[in-house]
Each structure stands twice: as C-alpha cells, then as structure tokens.
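Residue numbers run from 1 in the order of the sequence given.
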Amino acid sequence: MYSDDLLADLENSIDKYLIPKPVKPINERQKNSYMTFYKENISSETPIIRDIPDVFDKIKNYLELRIEEIKEGFETEDEEDFADEG
C-alpha cells in the first residue's frame, strides 16, 4: 500500500485513487478535508483498510459469543418459567 511510486506523488495519488469522484468537481473544501485526512494517515502509515481475514475472524468470534449469550438468556428464562409453574 505504501509503494514508493504512490508516496513520491502523494497528492496526485490521493486525488486519483482515494477521493470519491463525486466530491472532486463539487466541493473544494470537502476535497481538501479528504486530502488532509489521507495525507496524515498515509504519512503516519496508519492502515486505512484493515486486514480482511482478521476482520472476518473478529466478526465470527463476536457472533459466536453473541449466540452463546442468547442461548444463556433463553436457558435462564426457561428456568424462571419452570419455577413460576411449580
């Protein structure tokens, strides 16, 4: 992502590859905001796009935990229902 070619001409690279096309002709202030954001992040080498497999794993783990929480909630409700009936 941080290739020498892209970094050598950073502003043109940002303009060409990262700023949404509808913004370019419409609003100079918004375009400058995008430019500042991307320049700061690229210069600091802060990733803009996360590692997709890592994101997938985190979502999968979250869903597994959420399913367990829901199951536990249903089990607790079932126990309470039986106690009320007894």
Side-chain angles (χ1 to χ4, degrees):
M1 180 168 173
Y2 305 107
S3 72
D4 292 336
D5 292 344
L6 292 176
L7 294 174
D9 193 11
L10 188 57
E11 286 192 18
N12 284 329
S13 296
I14 291 170
D15 189 49
K16 184 175 181 180
Y17 299 111
L18 297 174
I19 295 178
K21 298 210 184 315
V23 173
K24 291 180 184 182
I26 296 173
N27 186 333
E28 194 63 29
R29 187 175 67 98
Q30 192 172 12
K31 180 180 173 182
N32 290 336
S33 178
Y34 277 103
M35 184 67 70
T36 301
F37 170 79
Y38 286 120
K39 281 173 78 173
E40 288 174 2
N41 284 287
I42 291 171
S43 297
S44 68
E45 296 188 4
T46 302
I48 296 167
I49 301 172
R50 294 188 54 168
D51 178 36
I52 300 301
D54 181 51
V55 172
F56 177 77
D57 288 342
K58 289 182 189 284
I59 292 170
K60 184 178 171 187
N61 289 341
Y62 167 78
L63 292 174
E64 288 171 355
L65 289 172
R66 187 69 181 120
I67 289 168
E68 286 302 313
E69 288 176 351
I70 291 170
K71 285 180 182 177
E72 289 174 12
F74 283 129
E75 290 170 3
T76 303
E77 288 176 14
D78 288 343
E79 291 170 5
E80 291 171 358
D81 289 343
F82 287 128
D84 291 341
E85 291 175 4

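Each side chain to side chain donor-acceptor pair (under 3.5 Å) pair with one or both residues in residues 52-67, not counting sequence neighbours, appears once here: Arg50-Asp54, Arg66-Glu69.
Between Ile19 and Gln30, every side-chain heavy-atom pair lies at or beyond the 4.5 Å cut-off.
When the side-chain contact (heavy atoms from CB on, under 4.5 Å) test is applied to Leu63, the partners found at least two apart in sequence or on another chain are Ile59.
Minimum interatomic distance between Lys39 and Glu11 (heavy atoms only, all atoms of both residues): NZ-OE2, 2.8 Å.
Rounding to the nearest 0.5 Å gives a distance of 4.5 Å between CD1 of Ile42 and CD1 of Ile14.
Counting only distance, with no hydrogens or angles, the side chain of Asn32 and the backbone of Glu28 share a donor-acceptor pair below 3.5 Å.
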